[in-house]
Amino acid sequence: MRIFKRLISVLLVLSVFACITPVSAGVKGDMNGDGKLLISDARVVLKIAAGQKTPTVSQKTSADMDGDGKITVKDAQAVLKLCADLDPEDYLGKVAQITPYKKHSSSVKAKFCKVTSYCGETLPDTYTADKSSPFFTPLPEGTYDYVTSGPVRDAESGKDFYYLKSGRRVYGHEVTVFTGYQMPYNKIELKNTVKYDDTSTSIYLALDWRVPFLASVKPQEYVTGYNDRPYNIKDGKFTGSYMDITFHYTTSAFGNISFPESDVIKNCVWFKNADSKTATLRIYFKNAGDFYGYTAYYNENNYLVISFKEPITTLKGRVIEIDPGHGGNQPGAGSGTGVYEKDITYKIALQLKTYLEKAGATVVFSRNNSSSVPEIEERRINTIEKNPDMLISIHLDASSAKSVSGSSVYYYKSYSGPLAYAISTSLPTAVKNGTGHSMPDRGAHFYPFCVTRVENCPAVLVECGFITNSGDFKMQNSASGQKYIAKGIYDGIVKYMTA
Ligand SMILES: [Zn+2]
């Protein structure tokens, strides 16, 4: 289906796109024998198929892709497919980028930072505490920015921060700070190419240098929720219809592109903000509310690749990451009976894996059941690198008030909200129906848990009842309770996909 879609779109739209697979002379599909497979070769085959062109003897052999003795539209499609399957990584050249380490237009020096972590978190610069905001997005490895002050230590977390000229903070441990040369304003070109695969649509941007940028999904109304955090999506609805990616220190931005094959992106447009010396690439979604995350990184050729997840409508062919909370020497909350949160979350995770695999998903775990498991910060980075289609973190709640019972689900990004709401209603229902145990739905809420602070997929943390409540614990600690908690999470995922 996708291949067919691809062929049609290539025929219709990519008329100026020149594919340049080097092929040896006489290779099938190379109609003019120039050693390259081009859309123009496919056109010649089409013309022959339509009787508009009489082929030479060698063209006749070359055009008959399937070797059935006839030249048909199918043969033209086969040539097109060879062109369309070319990976932009293979034919885009290398971008020459400058860095503050060398002098450019100015010999003035300044204090810089370079992001050294795979995906450096950024935070608001209006306060110093270690508090994440979903409006501040991470910076890919290699990004440069001017440092205005720092390091400043947050007394509570003991972490160091640097303040950046672009209006954000970064963690000291995710950057390297140095004195470099003042950089000229940046220029960006959006390349006229898109890469599609079964689960994503990717664009390629050539930047003079690796400037900081901010990605925001809008429009979205927020209300104050749990713990006075003002980032709950209003009425549990995610309403984003576009994403703005704003590049700092950028005065020139150009290039446009169409997305005939994408089910997630409709089109995009540049805005130049002369006052702030920034440029914004606005990416309109095909359908409002249909957005599943993005990844941004520099590839080997220095292109900034931004990859958008295609809509998640089935588990078939998708990768779901399960994070069984705690593990190893991090037991999590205790029940008072010697059973700890880490043991139960792992068992629930195994049950959930069974449900997801039956539906055709590939399941990856954030940890195994051994004594050495990754810290939460490492789990967050691993998730970003693994780039799953969904992240489900499983935990059990705890309270000093033993009467407190019920399940709740937490999300960070607005587009993770709908998954959290779906699971929050389905979980207690499945548990009640399967085990007879009633526990309240304590709702879905924004909260900046470390593992869910990812941009690339819907990510939620599920608190599957209170380990400190005797009724909830009895259910959680039974094979049947674990099974129906897993079923509740699975039901929520299905509801989310089909909503
Ligand atoms: Zn926990």
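Values below: every heavy atom of this structure, side chains too, minus hydrogens, waters and symmetry copies. Quantities reported herein were computed from a predicted structural model and do not represent experimental measurements. Indexing begins at 1, ligand by ligand and atom by atom, following the structure's order.
Just one of Thr137, Asn456, Val454, Ile233 meets the side chain to side chain contact (heavy atoms under 4.5 Å, CB included) condition when paired with Lys413; it is Thr137. Among Ser335, Ser408, Ser399, the one residue that satisfies the side chain to side chain contact (heavy atoms under 4.5 Å, CB included) test with Phe466 is Ser399.
The existence of a salt bridge linking Arg282 and Asp244 is confirmed by a sub-4.0 Å separation between a basic side-chain nitrogen and an acidic carboxylate oxygen. For Lys165 and Asp145, the salt-bridge test fails: no basic side-chain N is under 4.0 Å from an acidic carboxylate O.
The main-chain N or O of Gly417 is never found under 3.5 Å from a side-chain atom of Tyr412 such that the two would form a donor-acceptor pair.
Inspection of the environment of the Zn ion (ligand 1) yields the following protein N, O or S atoms under 2.8 Å: His326 NE2, Glu341 OE2, His395 ND1.
Applying the salt bridge (Lys or Arg N to Asp or Glu O under 4.0 Å) rule to Arg379 yields the partners Asp323; only residues at least two apart in sequence or on another chain are considered.
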